[in-house]
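To keep things clear, I will list the structure first and then write my remarks on it.
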Amino acid sequence: MSAPVKKNDRLSVYIEDLTHDGNGVAKVDGYPLFIQGALPNETAEIHVMKTLKNYGFAKVVDIIKPSSDRVVAPCDYFKQCGGCQLQHLSYEGQLKWKENMVRNVMQRIGKINAPVLPVKGMEEPWHYRNKAQIPFSVNEEGQAIAGFYKTKTHSIVDMDRCLIQTGEADAILAGLKKELTAIGIRPYNEHTHEGMLRHVVIRKARATGEVMVVLVTKKKKFPQKEAAVAVIQRLVPNVTSIMQNVNNEKTNVIFGDDTINLWGKDIIIDTIGDVRFEISARSFYQVNPEQTEVLYKQALEYADLQGDERVIDAYCGIGTISLFLAQRAKAVMGVEIVPQAIEDAKRNAVLNSFSNTYFEAGPAEEVIPRWYKEGKEADVLVVDPPRKGCDEALLKTILEQQPKRVVYVSCNPATLARDLRILEDGGYQTQEIQPVDMFPHSTHCEAVAWLTLVE
Ligand code: SAH
């Protein structure tokens, strides 16, 4: 079949859907066109940019009939920056879209008929990210720039504020680049590998208000460090920790191996629910703590712990869910592939005086079968895998060992649906799926599902 439209055609179309990366979808004689900036239920005049055999791309020339959910994106950088995809859709519209998206994916990929509940969203869906990683560079005139990347590129959109980051991150975004010349710091240029300042990472503990600023520099030798500390203290008066991290590699990876204290404490402390967490410059921590609490409370509710259960938390990271569950369980065993994260989990268990937790580093699909062989069984199994979902070998272990209850926390509805199907075919029943919006204005959606063994 040849495409029914060609490059540079202009036509009017009805937008039926929205893709996972936030583009509108229209069909011309069954041929899908992906249209940046268009929303479902709109009629738009479009300009065809490119056609391939089975689909094409277009951009909006004019919205003829707007969606009732369309709003003016509040951020000035929305069109260039790749950070948010859905600011032109009202927050209510976003939540409705995410709910439908999860429901459709469950049906289409997994034939899962369990109820999908309305998405739990945020009351105030702005300034929710507790971690900003800001690249610094120079523009063609040699001036310092700082911001976030354009979609699918490595070029920085220079900006002074970001509506999903904290005020402290804005203070660095707007303030630091103006001060760099005065204190003699050159931003890093990734093309020439010259200059000093590569990234500034700002982390804020929502519950305690503690703030960490990390300067990622090319070299360890940092003669301007005292001046830099003074500027940061002026820009972010509530800062409690200023760190330097050294990265001399030609790489897109932000951090190098060496982290040095410049001023204040090495860590900040945050709490989720009643559990305290130590956060260091490089440790993994959920970026939306308010919604993390919502998500984990849901996981805890679905785990339905009475106090005498043994629980396995697979893909446990720094033990966030494990420690949440440990408040109500007899024992929790967590497994995670990154050894550093397991160190953090153990430290956080001590920090919270838990004596009923056990953490081990390794692949969940190897460690958990071994635990079962050693007689370490679980009544409830919780999984929170990365986007690619659970390893097949882990699902096989679940089906063999048959824990009474499985709670599945997912950041990717497609792999959730696939894995739920495998579990259902092996004797489990999905009871309910609760999506939670962890990343307002993005197309991501987390969800928690709860399964029981069919007797
Ligand atoms: N539950 C954690 C984070 C889960 S993110 C929290 O709330 O903090 C998924 C985690 O799975 C990551 O930490 C990743 O390092 C880990 N992971 C990836 N593959 C794994 C595997 N095969 N076995 C165990 N852990 C794995």
Side-chain angles (χ1 to χ4, degrees), residues 129-131 203 205-207 253 255 269-280 282-300 302-303 311-327 329 332-349 351-352 354 357-372 376 378 380-398 406-416 419 434 436 438-439 444-449:
R129 281 186 67 99
N130 61 359
K131 179 168 90 169
R203 310 189 77 161
R206 176 172 163 269
V253 176
F255 286 115
I269 295 217
D270 201 10
T271 62
I272 299 181
D274 295 326
V275 186
R276 283 151 64 83
F277 294 93
E278 265 185 29
I279 307 162
S280 64
R282 296 185 58 191
S283 59
F284 172 84
Y285 188 64
Q286 294 280 356
V287 297
N288 184 341
E290 187 179 337
Q291 289 299 90
T292 299
E293 187 169 337
V294 172
L295 185 70
Y296 292 177
K297 276 199 174 138
Q298 191 64 58
L300 189 62
Y302 282 164
V311 184
I312 288 177
D313 180 15
Y315 308 93
C316 73
I318 61 162
T320 335
I321 298 181
S322 317
L323 298 184
F324 231 69
L325 298 167
Q327 303 174 96
V332 179
M333 297 188 288
V335 53
E336 154 66 44
I337 206 158
V338 178
Q340 179 63 45
I342 286 293
E343 291 310 309
D344 286 350
K346 287 180 181 167
R347 246 203 354 268
N348 286 325
L351 183 72
N352 290 282
F354 283 116
T357 55
Y358 169 80
F359 293 102
E360 189 171 325
E365 62 277 15
E366 289 174 21
V367 172
I368 293 173
R370 203 196 70 231
W371 282 350
Y372 274 107
K376 295 186 186 123
V380 180
L381 201 138
V382 179
V383 298
D384 182 11
R387 288 187 64 76
K388 65 172 193 260
C390 286
D391 192 280
E392 259 188 79
L394 177 64
L395 295 171
K396 195 162 155 263
T397 303
I398 296 176
V406 174
V407 178
Y408 194 133
V409 182
S410 163
C411 56
N412 183 350
T415 52
L416 173 65
D419 292 350
Q434 173 65 67
V436 176
M438 300 280 275
F439 306 107
H444 293 284
C445 192
E446 306 259 331
V448 202

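Only a predicted model underlies this, so the values are computations on that prediction, with no experimental measurement involved. Counting convention: from 1, in listed order, for ligands and their atoms alike.
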* Asp270 and Tyr285: side-chain donor and acceptor closer than 3.5 Å? -> yes
* Asked: If you measure from the Lys or Arg side-chain nitrogens to the Asp or Glu carboxylate oxygens, is any gap between Glu293 and Lys297 under 4.0 Å?
  -> yes
* **Test applied, side-chain contact (heavy atoms from CB on, under 4.5 Å); reference residue, Cys390; option that passes from Thr397, Leu395, Asp384** => Leu395
Could you go through ligand 1 and note, for every N or O atom, any protein N or O atom closer than 3.5 angstrom, writing the atom names and distance to 0.1 Å, or 'none'?
residue: ligand 1; atom: 1 (N); partner: Tyr315; partner atom: O; Å: 3.2
residue: ligand 1; atom: 1 (N); partner: Asp384; partner atom: OD2; Å: 2.8
residue: ligand 1; atom: 7 (O); partner: Gln286; partner atom: NE2; Å: 3.3
residue: ligand 1; atom: 7 (O); partner: Tyr296; partner atom: OH; Å: 2.2
residue: ligand 1; atom: 7 (O); partner: Thr320; partner atom: OG1; Å: 3.3
residue: ligand 1; atom: 8 (O); partner: Thr320; partner atom: OG1; Å: 2.8
residue: ligand 1; atom: 13 (O); partner: Glu336; partner atom: OE1; Å: 2.7
residue: ligand 1; atom: 13 (O); partner: Glu336; partner atom: OE2; Å: 3.3
residue: ligand 1; atom: 15 (O); partner: Glu336; partner atom: OE2; Å: 2.7
residue: ligand 1; atom: 22 (N); partner: Glu365; partner atom: OE1; Å: 3.1
residue: ligand 1; atom: 23 (N); partner: Ala364; partner atom: N; Å: 2.8
residue: ligand 1; atom: 25 (N); partner: Ile337; partner atom: N; Å: 3.1

* **Crowding at NZ, Lys131 (>12 non-hydrogen neighbours, <6.0 Å)** => yes
* Which residues satisfy the side-chain hydrogen bond (donor to acceptor under 3.5 Å, both in side chains) test with Tyr358, sequence neighbours excluded? -> Glu360
* To do: Give the intermediate values and the outcome of side chain to side chain contact (heavy atoms under 4.5 Å, CB included) for residues Phe284 and Gln340.
  => CA-CA 9 Å; Phe284 172 84; Gln340 179 63 45; over 6 Å; no
